[in-house]
Amino acid sequence: MQDVRFLTNADVAERLAYPQLIEALRQGLASACEAPVRGCHALPENATLLTMPVWRPGQDIGVKLVTVFPGNGAKGLPAVAALFCLFDGENGRPLAMLEASELTARRTACTSALAADHLARTDAERLLVVGSGTLAAHMVRAHGVVRGYRDIAIWGRQADKVAALVERLRAEGYPVRACAELREGVQQADTISCVTTSREPLVLGEWLRPGTHLDLVGAFLPSMRETDSEAVRRARIVVDTREGALEEAGDLLIPMAEGVIGEADIHTQLSDLLQGRGWRQDAAEITLFKSVGYALEDLIAARLLVGQ
């Protein structure tokens with residue numbers, strides 16, 4: 001029997017470059033797969049266990065196991081931990097086991113950047129990242145691949161975490177600064193990427209300028225949201241998958257329950273963008289990409305890694 005490869009988070013960080021992953025996602029997400037809506041199980045202390053199976057018949061099979069512990073920030077630990085198992089799609093044999101925290105962060109950021117490549121204005125120069133946790137640095141790096149941002153602001157509730165993140169990203173060469181006032185940061189930004197575990201709106205619709213692209217990543221439960229209903233009402237909505245969004249995306253489900261939007265207002269999913277449909281219409285349009293996570297992204301990233 002062949003050896004099963006094991007890749008650590010350090011291996012993933014070393015080998016999974018943002019530009020190459022964005023291009024792999026650009027090709028892979030346009031094709032079909034079988035990906036049941038992920039299992040979501042509540043744990044004590046507002047923690048969550050997620051199970052995410054996916055397969056491409058005759059090609060490959062993957063399953064990701066994820067834990068989300070929102071209180072880990074206070075312990076100096078990442079909120080998300082994960083493993084990904086990769087199997088051969090022809091014979092079912094295991095090919096690799098990957099520590100998947102780094103994999104998850106990179107594929108999430110690169111998927112957002114891929115959507116922004118079609119939805120953010122081509123002249124976008126100012127990026128605001130809302131949140132200072134694990135995903136924040138990945139968002140800066142990935143979005144920087146698809147747009148030449150000359151000003152990148154980071155807002156977070158913990159000033160020391162923001163300062164440390166700014167220092168680290170500046171050392172990597174990014175034009176990063178701390179954002180002291182969220183409202184001002186939103187009003188100045190061309191692209192806003194939200195990567196928090198908030199259950200209450202942070203970015204308000206009345207603050208958004210025409211032409212803004214809003215990237216919503218952090219909320220992954222129907223009870224969670226990072227924007228208010230006015231932001232959603234003003235925007236043209238694109239989702240990673242329609243099925244997943246209608247099951248889990250509190251940013252959209254709460255406005256739907258309020259009667260602010262309906263299912264028909266979810267115009268497009270990412271695969272449509274990749275097939276040339278649903279791109280930004282004009283410079284004044286507010287666009288919104290809501291990501292709840294799609295298992296095919298993990299499978300594409302794992303295949304890219306194991307194929308190296």
Side-chain angles (χ1 to χ4, degrees), residues 4-9 12 16 21 24-25 28-43 46-70 72 78-89 92-112 114-115 133-135 138 142 195 197 216-224 239-253 269-271 289-306:
V4 177
R5 296 178 62 184
F6 182 76
L7 299 176
T8 66
N9 283 324
V12 174
L16 197 59
L21 180 52
L25 291 166
L29 290 175
S31 61
C33 73
E34 296 291 333
V37 174
R38 65 186 173 193
C40 184
H41 308 279
L43 301 176
N46 286 324
T48 307
L49 171 65
L50 306 171
T51 59
M52 302 171 66
V54 58
W55 60 94
R56 293 183 288 191
Q59 297 184 58
D60 37 35
I61 304 163
V63 181
K64 189 166 76 170
L65 304 173
V66 185
T67 58
V68 183
F69 278 65
N72 275 1
V80 179
L83 290 171
F84 187 85
C85 305
L86 178 66
F87 301 86
D88 189 298
R93 295 170 66 183
L95 300 176
M97 172 78 76
L98 297 84
E99 269 192 303
S101 298
E102 186 75 16
L103 180 83
T104 300
R106 291 193 177 224
R107 67 81 157 155
T108 299
C110 287
T111 299
S112 284
L114 178 58
T134 301
L135 270 175
H138 294 284
V195 288
T197 55
L216 303 179
V217 177
F220 61 92
L221 294 172
S223 59
M224 300 171 70
V239 296
D240 51 358
T241 67
R242 185 178 178 86
E243 184 180 15
L246 290 175
E247 184 76 19
E248 299 176 328
D251 283 296
L252 306 180
L253 293 173
Q269 60 182 15
L270 183 54
S271 60
F289 177 65
K290 176 56 194 168
S291 169
V292 294
Y294 182 29
L296 181 56
E297 299 160 12
D298 301 297
L299 189 58
I300 291 166
R303 263 300 189 188
L304 180 61
L305 276 166
V306 173

> Got a second to check how far F69's CZ is from L43's CG, nearest 0.5 Å?
Replying inline: 5.5 Å
> Listed by chain and number, what are the side chain to side chain contact (heavy atoms under 4.5 Å, CB included) partners of A79, not counting sequence neighbours?
Replying inline: none
> What's the spacing between C85 SG and L95 CG if we round to 0.5 Å?
Replying inline: 11.0 Å
> L103 versus D298: any side-chain heavy-atom pair under 4.5 Å?
Replying inline: yes
> Residues two or more places apart in sequence or in another chain: which of them pass side-chain hydrogen bond (donor to acceptor under 3.5 Å, both in side chains) with S31?
Replying inline: none
>> For a quick test of reading the model, state the closest non-hydrogen atom pair linking G28 to L296 and the distance between them.
In response: O-CD2, 3.8 Å
> Taking only residues two or more places apart in sequence, or in another chain, which ones meet L246 in a side chain to side chain contact (heavy atoms under 4.5 Å, CB included)?
Replying inline: R242, M256, E263, I266
> Does some side-chain heavy atom of L29 sit less than 4.5 Å from a side-chain heavy atom of L114?
Replying inline: yes
>> So, using side chain to side chain contact (heavy atoms under 4.5 Å, CB included) as the criterion, who are the partners of N46 when residues are at least two apart?
In response: R199
>> Can you tell me how far apart OG (S112) and CG (L216) are? Round to the nearest 0.5 Å.
In response: 9.0 Å
>> Measuring from atom CG of L83 to atom CZ of F6, what distance do you get when rounded to the nearest 0.5 angstrom?
In response: 6.5 Å
> For T108, what residues pass the side-chain hydrogen bond (donor to acceptor under 3.5 Å, both in side chains) criterion, not counting sequence neighbours?
Replying inline: none
>> Restricting to side-chain hydrogen bond (donor to acceptor under 3.5 Å, both in side chains), what partner residues turn up for R56, sequence neighbours left out?
In response: D60
> Which atoms form the tightest heavy-atom contact between A81 and S101, and what is the distance?
Replying inline: CA-OG, 3.3 Å
> Can you tell if the side chain of L221 reaches within under 4.5 Å of the side chain of V292, non-hydrogen atoms only?
Replying inline: no
> Taking all atoms of both residues into account, what is the closest heavy-atom pair of A109 and A142, and its distance?
Replying inline: O-CB, 3.5 Å
>> Contact between L21 and L25 at the side-chain level, heavy atoms closer than 4.5 Å - yes or no?
In response: yes
>> Using a 3.5 Å distance criterion without hydrogens, assess whether the side chain of K290 forms a donor-acceptor pair with backbone atoms of A219.
In response: yes
> Checking side-chain contact (heavy atoms from CB on, under 4.5 Å) for the pair L65/T51: CA distance, chi angles, key distance, verdict?
Replying inline: CA-CA 5 Å; L65 304 173; T51 59; 3.8 Å; yes
> Between L253 and P222, what is the shortest heavy-atom contact and its length?
Replying inline: CD1-CB, 3.9 Å
> R107 and G293: which non-hydrogen atoms are nearest, and at how many Å?
Replying inline: NH1-CA, 3.8 Å
>> Do T104 and F84 have side chains that approach each other closer than 4.5 Å (heavy atoms only, starting at C-beta)?
In response: no
> Does T8 have any side-chain hydrogen bond (donor to acceptor under 3.5 Å, both in side chains) partners at least two apart in sequence or in another chain, and if so, which?
Replying inline: D11
> For the residue pair P70 and A47, what are the closest heavy atoms and their distance?
Replying inline: CD-CA, 4.1 Å
> Can any side-chain N or O of E102 pair as donor or acceptor with the backbone N or O of N9 at less than 3.5 Å?
Replying inline: no
> How about E247: does its CD atom have over 12 heavy atoms from other parts shown lying under 6.0 Å from it?
Replying inline: no
> Among all residues two or more places apart in sequence or in another chain, which pass the salt bridge (Lys or Arg N to Asp or Glu O under 4.0 Å) test with D240?
Replying inline: none
>> As an exercise, state the distance from CD1 of I300 to SG of C33, rounded to the nearest 0.5 Å.
In response: 8.0 Å
> How about M52 and V54: do any of their side-chain heavy atoms sit closer than 4.5 Å?
Replying inline: no
> With F220, which residues qualify under side chain to side chain contact (heavy atoms under 4.5 Å, CB included), at least two apart?
Replying inline: R38, T48, V68, M224
>> Working to the nearest 0.5 angstrom, can you tell me the gap between L299 CG and F87 CZ?
In response: 11.5 Å
